[in-house]
Amino acid sequence: MVPGRFEGVNEFKPGLEGVVAFETEIAEPDKEGGALRYRGVDIEELVGKVPYEKVWGLLVDDSFDPGMPRAEDLQLRARTGSAMADLQAATAELGGLWTLGQLIDITDEQARDDLARVSAGMISLVAQSARGESPRVPDEQVAEGDIAAERFLLRWRGEADPRHVRAVDSYWVSAAEHGANASTFTGRIVASTGADCGAAMSAAVGALSGPLHGGAPTRVLKMLDEVEHAGDVEQYVRDLLDRGERIMGFGHRVYRAEDPRARVLRRTAHELESPRVEVAEALENAALEELRARHPERVLATNVEFWSAVVLDIADIPPPLFPAMFACARVAGWSAHILEQKRSGRLIRPSAKYVGPASRSLESV
């Protein structure tokens, strides 16, 4: 190795574990205390009290008002059968359809307005994708919704049960932001190149589409059904772990205590009288007890994905749509981070440590 070749380069850490990539004023996951604060406000004070579009305003503007606007008249032009694929493709198109300026060329105020417009449009696009080939719900009917979650359900189903609205809104608020995760980091990287807001948001959707980032809720309901069928929850958990399988919805790379989002969503499930609460709590308690016995050296508490599945089920959201619902929630956090990255004016360009072959001749290949 050439002396000084890697001087100034941080020690390599797989997955960038523990590497600080940027400073942020947006959200503070409290690792030890089991709390999550949006610009200093605990989500315990927000869920069920402040509607999602106002929480979007808190994260992006540090003010509830004006918040995220109502969606413009926007039509999903193609459906693939996958809401995430539809959302990623349609969001990328917005730069051209709306002639969005590149972040490097526009003011912070214009970037904020573009992000607000794109965020509301993305939620509308998911509702349209979920509706499939059914006739479009008239805009006048959708406009009757008081909050974003109600308008989403009206756009999708043409009706909005108040319990369903509360469930969707609570889930969106709890999942609106969570610091430097994979999709947020992706959005910031694209924003750092000066690309338009549609490109940055679309890239974040792409990062979220992988099952290792927010994919567990789709598998939680299957476990709950299996527990009900098995009857013996303790034996079910032991058998699952003995086979080397994972209990979905437990453990988190950030928290060393209970995920605060799980706590507020458990409360929501009780308040909305989910029929799955009893079996969910039985599985949760059995899983926590068995995990503590098998891994006393690790903190494996309930995470957001376990109770997200229960709350989304209250609103009759089918599991294949869970990732897209996560994307709807996260447009607030992505928008805040993209705007923060624009203001930093710094291209994200990490270093790589080369570990391939040394210099060699063409003939040796």
Side-chain angles (χ1 to χ4, degrees), residues 47-48 50-56 67-91 93-94 97-98 116-176 201 205 208-209 217-218 221 265 268-269 271-276 308-332:
V47 174
V50 180
Y52 175 77
E53 60 269 32
K54 298 298 184 181
V55 173
W56 187 98
M68 185 183 72
R70 291 172 176 252
E72 299 178 23
D73 182 15
L74 180 64
Q75 299 244 11
L76 181 63
R77 299 196 294 176
R79 292 176 175 83
T80 65
S82 165
M84 288 296 280
D86 291 347
L87 179 62
Q88 185 178 4
T91 303
E93 288 183 343
L94 294 179
L97 289 174
W98 289 346
R117 191 181 182 192
V118 170
S119 294
M122 290 171 71
I123 291 174
S124 175
L125 289 167
V126 170
Q128 293 177 56
S129 179
R131 189 168 179 79
E133 300 301 329
S134 300
R136 180 180 171 87
V137 177
D139 292 337
E140 298 77 17
Q141 184 176 344
V142 176
E144 293 175 0
D146 290 330
I147 65 173
E150 184 177 5
R151 293 190 292 274
F152 170 83
L153 291 170
L154 287 170
R155 174 68 72 195
W156 176 8
R157 300 170 176 166
E159 59 183 11
D161 181 294
R163 286 179 69 251
H164 296 183
V165 172
R166 168 79 185 281
V168 170
D169 184 69
S170 296
Y171 169 70
W172 281 354
V173 171
S174 72
M201 295 285 265
V205 174
L208 189 66
S209 66
T218 61
L221 294 185
L265 290 177
T268 300
E271 291 172 351
L272 295 178
E273 300 179 340
S274 164
R276 290 186 181 270
S308 290
V310 178
V311 170
L312 290 173
D313 182 64
I314 294 171
D316 293 335
I317 307 295
L321 198 65
F322 285 4
M325 294 297 291
F326 192 0
C328 288
R330 196 49 64 84
V331 298

Salt bridge (charged side-chain N to carboxylate O under 4.0 Å, His left out) contacts in which one or both residues fall within residues 310-326, not counting sequence neighbours: Arg276-Asp313
Summary of salt bridge (charged side-chain N to carboxylate O under 4.0 Å, His left out) pairs that have at least one residue in residues 116-138, sequence neighbours excluded: Glu72-Arg117, Asp73-Arg136, Arg136-Asp139
Under 3.5 Å, side chain of [X] to main-chain N/O of [Y], donor-acceptor pair present?
X      : Y      : answer
Tyr52  : Val168 : no
Arg151 : Asp146 : yes
Arg155 : Ser124 : no

About how many Å separate [atom2] of [Y] and [atom1] of [X], when rounded to the nearest 0.5 Å?
X      : Y      : atom1 : atom2 : answer
Ile123 : Met325 : CD1   : CE    : 9.0 Å
Leu87  : Ser209 : CG    : OG    : 10.0 Å
Ser119 : Glu53  : OG    : CD    : 12.0 Å
Glu150 : Asp161 : CD    : CG    : 10.5 Å
Arg330 : Met201 : CZ    : CE    : 11.5 Å

What residues, two or more places apart in sequence or in another chain, satisfy side-chain contact (heavy atoms from CB on, under 4.5 Å) together with [X]?
X      : result
Glu159 : Arg157
Ala83  : Ser129, Leu321, Ala324
Pro275 : none
Leu74  : Leu94, Trp98, Leu125

Listed partners of Glu271 passing side chain to side chain donor-acceptor pair (under 3.5 Å), at least two apart: Arg166
Qualifying residues under side chain to side chain donor-acceptor pair (under 3.5 Å), relative to Thr91, sequence neighbours excluded: none
Sequence neighbours excluded, every pair satisfying ring pair (Phe, Tyr, Trp, His ring centres under 6.0 Å) that has a member inside residues 125-145: none
Mind listing the closest non-hydrogen atom pair of [X] and [Y] along with its distance?
X      : Y      : answer
Val205 : Met84  : O-CE, 3.7 Å
Leu265 : Ser170 : CD2-O, 4.0 Å
Leu208 : Pro323 : CD2-O, 3.9 Å

Just to verify, what does [X] make a salt bridge (charged side-chain N to carboxylate O under 4.0 Å, His left out) with, not counting sequence neighbours?
X      : value
Glu144 : none
Glu93  : Arg77
Asp86  : none

From CA spacing to verdict: side-chain contact (heavy atoms from CB on, under 4.5 Å), Trp156, Ile317: CA-CA 11 Å; Trp156 176 8; Ile317 307 295; 3.3 Å; yes
side-chain contact (heavy atoms from CB on, under 4.5 Å) between Ser308 and Phe322, worked out: CA-CA 9 Å; Ser308 290; Phe322 285 4; over 6 Å; no
Close side-chain approach of Val165 to Ile147, heavy-atom, < 4.5 Å: yes
Minimum side-chain heavy-atom gap Val126-Phe152 below 4.5 Å: yes
